[in-house]
Amino acid sequence: MNSKKIHFSEQSDAQLLARAAEIGVAQDHALLGNEIARFNKLFDELMSIKNELRARPGDRRRLIMELYKHRNMQVRLNSAKATLAIAPEEARALLEWIAASKHNPQAGDAGMCLWALDEGIFVPD
């Protein structure tokens, strides 16, 4: 394992998007293997990428929408959640599609996210 700290500020937008996709695929595998600690570590890294894109001039999170059509359902779910604050209609439509797909566990996660949004429990930032 590489113990070198990743400096997202030194990476290009394209590198960050590529890593976000890699994280989603790795999270999918972690879920299937019931590796919760690994999933959570990957989640933290994904949030760091989202925050880096938000901090860039013009708020670059909209770029994450490029991952809406990724072949991996976890990548799609992550991208929808990451863009709820800046593209609420598009992100919600993707969450609804994932929930209706019955592709679990992502469909269940998407359904819970929609419920939390509707109940005001979750407010995207």
Side-chain angles (χ1 to χ4, degrees):
M1 179 184 276
N2 187 353
S3 61
K4 183 179 177 184
K5 183 161 173 44
I6 299 169
H7 296 285
F8 293 120
S9 63
E10 298 171 2
Q11 295 188 353
S12 70
D13 292 346
Q15 288 173 310
L16 293 176
L17 283 181
R19 181 60 188 146
E22 289 171 3
I23 288 170
V25 171
Q27 282 182 316
D28 197 17
H29 291 128
L31 284 171
L32 292 173
N34 202 31
E35 300 172 73
I36 304 308
R38 181 169 176 244
F39 180 92
N40 291 340
K41 184 176 179 187
L42 291 162
F43 176 84
D44 291 343
E45 186 179 349
L46 186 62
M47 290 303 96
S48 294
I49 290 171
K50 179 181 123 176
N51 291 335
E52 172 61 30
L53 288 170
R54 177 181 18 208
R56 291 187 176 188
D59 188 342
R60 310 286 291 164
R61 286 179 292 171
R62 188 164 287 281
L63 295 172
I64 298 170
M65 294 172 73
E66 293 176 23
L67 301 177
Y68 278 16
K69 299 215 183 281
H70 195 278
R71 69 183 181 281
N72 183 280
M73 194 66 79
Q74 184 67 39
V75 175
R76 289 181 180 195
L77 176 64
N78 289 346
S79 63
K81 287 180 169 184
T83 57
L84 274 166
I86 56 154
E89 295 84 12
E90 297 93 331
R92 184 178 182 94
L94 180 54
L95 287 171
E96 290 171 349
W97 180 84
I98 293 169
S101 77
K102 305 294 186 218
H103 183 101
N104 284 309
Q106 290 82 15
D109 191 333
M112 287 301 297
C113 183
L114 290 165
W115 175 82
L117 282 166
D118 292 345
E119 292 295 314
I121 296 167
F122 173 57
V123 178
D125 62 346

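Rounded to the nearest 0.5 Å, atoms CG (Leu16) and CG (Leu46) are 10.5 Å apart. To the nearest 0.5 Å, atoms OG (Ser79) and CG (Leu84) are separated by 10.0 Å. Atoms CZ and NE2, from Arg76 and His103 in turn, are 9.5 Å apart once rounded to the nearest 0.5 Å.
Taking Ile, Leu, Val, Met, Phe, Trp and Tyr as hydrophobic and joining them when side-chain heavy atoms fall under 4.5 Å apart, one finds Ile36 isolated, its cluster having no other members.
Residues Gln74 and Leu32 form no side-chain contact, since every pair of their non-hydrogen atoms from C-beta on lies 4.5 Å or further apart. Looking only at side-chain heavy atoms (C-beta outward), Ile121 and Trp115 come within less than 4.5 Å of each other. Met65 places none of its side-chain heavy atoms less than 4.5 Å from the side chain of Leu94. Between Gln106 and Asp28 the shortest side-chain heavy-atom distance falls below 4.5 Å. Contact of the Ile23 side chain with the Ile49 side chain is registered, since non-hydrogen atoms from C-beta on lie closer than 4.5 Å. Inter-residue side-chain proximity for Arg92 and Leu114 is flagged as met; some heavy-atom pair is nearer than 4.5 Å. Within the 4.5 Å cutoff, side-chain heavy atoms of Cys113 are placed close to those of Lys81. In this structure, Leu117 and Pro124 have side chains that are in contact, with non-hydrogen atoms separated by less than 4.5 Å.
Both Leu53 and Met47 are assigned to one and the same hydrophobic cluster, defined by single-linkage of ILVMFWY side chains at heavy-atom distances under 4.5 Å. Taking hydrophobic clusters as Ile, Leu, Val, Met, Phe, Trp and Tyr residues chained together by side-chain heavy-atom distances below 4.5 Å, Leu63 shares a cluster with Leu67. Both Ile64 and Val25 belong to a common hydrophobic cluster when Ile, Leu, Val, Met, Phe, Trp and Tyr are linked at side-chain heavy-atom distances under 4.5 angstrom.
Annotation: Arg38, atom CZ; neighbour count of heavy atoms from other residues, nucleotides and ligands within 6.0 Å is above 12.
Looking at residues two or more places apart in sequence or on another chain, you find no side chain to side chain donor-acceptor pair (under 3.5 Å) involving Asp44.
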